[in-house]
Amino acid sequence: MNISASQIIGDLVAMDYRTAAVFKANGIDFCCNGNRSIAEACTEAKLSTPTLLQQLQEVIEAPGQESHHFQTWPPTLLADYIEQVHHAYVRRKISEIIPYLNKITAVHGNNHPELKAVQQLFEESSEDLQEHMHKEETILFPFIRDANKPGDNGPTGATISNDRDASPIAMIHEEHDKEGERFRKIASLTNNYTTPPDGCNTYRVTLGLLREFEEDLHLHIHLENNILIPKILESGKEGNKTI
């Protein structure tokens, strides 16, 4: 596959998630702002488009395959995977990270006041993410499963509105954007999760957990923004029942 400058970032990452690492290394948001073309993103980031295209092409042509071809999965399988893997991860890691953050803020907060801001941002993120996931698990995901439940003549045809700006699609994108912005601030405040010279091992572990959390969140949001939502919007073009 030859990659062009006009290709949409989210579509490319949906086809081969290995390209996400290239976008991330170049400071390009592929999950929340994946609806831009490669050329547009390069212009905004003041990057060389040919250089980025070459990097992406090398990744695409590298031997080996992705462990999961998410683009080929039906909406119900994607919803199940997101809930069982990513939602479970978020809940598990929140309960692990908060005590660590509390500890290093108490010990190192005077010398590193940015930790208090990181602590507040992560606590806000924890609260909002759990509310966001609850809405998906009680409204959106059950709707997707119902819409794809086989009937006598195939799937029932229930769909979500095929309008990206309509609720609940607009709400989902807005909440994803908020989390993306929060973690950009956290990464900036921590110098991209770099432990300072006077940081203890707990400090290092905490920043490592935050980095891992952000990386998982990027994939989590990517699966919804660039694969799951487009799939259910596409099915909405032919459906007759919406939320």
Side-chain angles (χ1 to χ4, degrees), residues 8-11 13-14 17 20 23-24 27-36 41 70 73 75-98 101 117-147 159-189 209-236 242-243:
I8 300 301
I9 292 171
D11 292 344
V13 177
Y17 192 72
F23 289 120
K24 184 172 183 180
I28 295 175
D29 181 359
F30 65 87
C31 55
C32 296
N33 293 312
N35 57 340
R36 299 169 295 164
F70 297 111
W73 291 12
T76 50
L77 181 57
L78 278 168
D80 289 345
Y81 181 85
I82 290 167
E83 181 173 344
Q84 294 169 17
V85 175
H86 292 289
H87 286 197
Y89 173 89
V90 168
R91 292 188 174 103
R92 184 172 69 253
K93 288 299 178 177
I94 283 174
S95 63
E96 182 178 355
I97 292 172
I98 286 179
L101 262 178
V118 171
Q119 182 185 40
Q120 181 177 350
L121 285 166
F122 189 77
E123 287 176 352
E124 291 171 354
S125 178
S126 300
E127 183 176 340
D128 287 352
L129 274 172
Q130 293 190 80
E131 181 180 347
H132 176 81
M133 294 187 303
H134 177 72
K135 285 186 286 189
E136 289 184 339
E137 292 171 7
T138 57
I139 300 173
L140 181 61
F141 291 173
F143 185 86
I144 291 171
R145 294 177 186 117
D146 181 63
T159 65
I160 198 165
S161 171
N162 60 349
D163 181 355
R164 179 189 171 95
D165 296 323
S167 182
I169 294 300
M171 175 196 71
I172 292 171
H173 280 290
E174 181 180 345
E175 292 176 358
H176 286 169
D177 289 347
K178 180 185 283 188
E179 293 311 318
E181 178 59 27
R182 275 203 185 111
F183 271 87
R184 279 190 288 273
K185 290 179 181 177
I186 290 174
S188 176
L189 286 166
L209 288 170
L210 285 170
R211 180 194 293 275
E212 179 190 276
F213 193 94
E214 183 190 37
E215 290 173 352
D216 182 84
L217 188 65
H218 284 170
L219 175 55
H220 181 172
I221 292 175
H222 161 69
L223 290 176
E224 294 186 4
N225 278 10
N226 300 326
I227 303 181
L228 180 61
I229 289 174
K231 281 180 180 289
I232 59 179
L233 291 180
E234 181 64 27
S235 66
T242 64
I243 56 172

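- Put simply, CD on Glu123 and CD on Gln120 are 7.5 Å apart, with the number rounded to the nearest 0.5 Å.
- Ring pair Tyr17/His222 is tilted by interplanar angle, where 30° to 60° counts as tilted.
- Ion pair Lys93/Glu96 flagged as a salt bridge, since at least one NZ, NE, NH1 or NH2 atom sits closer than 4.0 Å to an Asp/Glu carboxylate oxygen.
- For Glu127, there are no side chain to side chain contact (heavy atoms under 4.5 Å, CB included) partners at least two apart in sequence or on another chain.
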Derivation of the side chain to side chain contact (heavy atoms under 4.5 Å, CB included) call for Trp73 and Tyr81:
CA-CA 10 Å; Trp73 291 12; Tyr81 181 85; 3.6 Å; yes
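- Between Asn225 and His173, some side-chain heavy-atom pair lies under the 4.5 Å cut-off.
- Residues passing the salt bridge (charged side-chain N to carboxylate O under 4.0 Å, His left out) test with Arg211, sequence neighbours excluded: none.
- Among residues two or more places apart in sequence or in another chain, the salt bridge (charged side-chain N to carboxylate O under 4.0 Å, His left out) test is passed with Arg91 by Glu137.
- A heavy-atom distance below 4.5 Å is found between the side chains of Cys32 and Asp177.
- The pair Glu175-Lys178 fails the salt-bridge criterion, with no side-chain N (NZ, NE, NH1 or NH2) lying under 4.0 Å from an Asp/Glu carboxylate O.
- The side-chain heavy atoms of Ile144 and Lys231, taken from C-beta on, include no pair separated by under 4.5 Å.
- Contact between Gly34 and Asn226 at its shortest, heavy atoms only, is CA-OD1, 4.4 Å.
- Judged as a side chain to side chain donor-acceptor pair (under 3.5 Å), and not counting sequence neighbours, Glu131 has no contacts.
- Heavy-atom minimum distance, Ala20 versus Val13: CB-CG1, 4.0 Å.
- For the atom pair CZ (Phe213) and CD1 (Ile186), the distance works out to 8.5 Å, reported to the nearest 0.5 Å.
- Taken from CZ in Arg184 to CD in Glu179, the straight-line distance is 11.0 Å, to the nearest 0.5 Å.
- For the pair Ile94/Phe122, a side-chain contact is recorded, criterion being any heavy-atom separation below 4.5 Å from C-beta on.
- To the nearest 0.5 Å, atoms CD1 (Ile232) and CG (Leu78) are separated by 10.0 Å.
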Going through the distances and angles, do Tyr89 and His220 end up as a side chain to side chain contact (heavy atoms under 4.5 Å, CB included)?
CA-CA 10 Å; Tyr89 173 89; His220 181 172; over 6 Å; no
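- Residue Ala14 comes nearest to Ile227 through the heavy atom pair CB-CG1, 3.7 Å, listed as atom of the first residue, atom of the second, then distance.
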So His87 and Phe141, ring-ring contact (aromatic ring centres under 6.0 Å, His included) or not? Walk me through it.
CA-CA 12 Å; His87 286 197; Phe141 291 173; 5.7 Å; yes
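- Going from atom NE2 of His86 over to atom CG of Leu217 covers 10.0 Å, rounded to the nearest 0.5 Å.
- For residues 215-224, every residue pair satisfying the salt bridge (Lys or Arg N to Asp or Glu O under 4.0 Å) rule, not counting sequence neighbours, is listed here: Lys24-Glu215.
- Atom SG of Cys31 and atom CD of Glu214 lie 8.5 Å apart (nearest 0.5 Å).
- For the ring-ring contact (aromatic ring centres under 6.0 Å, His included) test, residues two or more places apart in sequence or in another chain that qualify with His132 are His176.
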Show your working on side chain to side chain contact (heavy atoms under 4.5 Å, CB included) between Phe70 and Leu228 and close with a plain yes or no.
CA-CA 9 Å; Phe70 297 111; Leu228 180 61; over 6 Å; no
Decide side chain to side chain contact (heavy atoms under 4.5 Å, CB included) for Gln130 and Met133; before the verdict, give the C-alpha distance in whole Å, the side-chain angles of both, and the deciding distance to 0.1 Å.
CA-CA 5 Å; Gln130 293 190 80; Met133 294 187 303; 4.3 Å; yes
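- Using a 4.5 Å heavy-atom threshold, the side chains of Leu189 and Leu121 count as touching.
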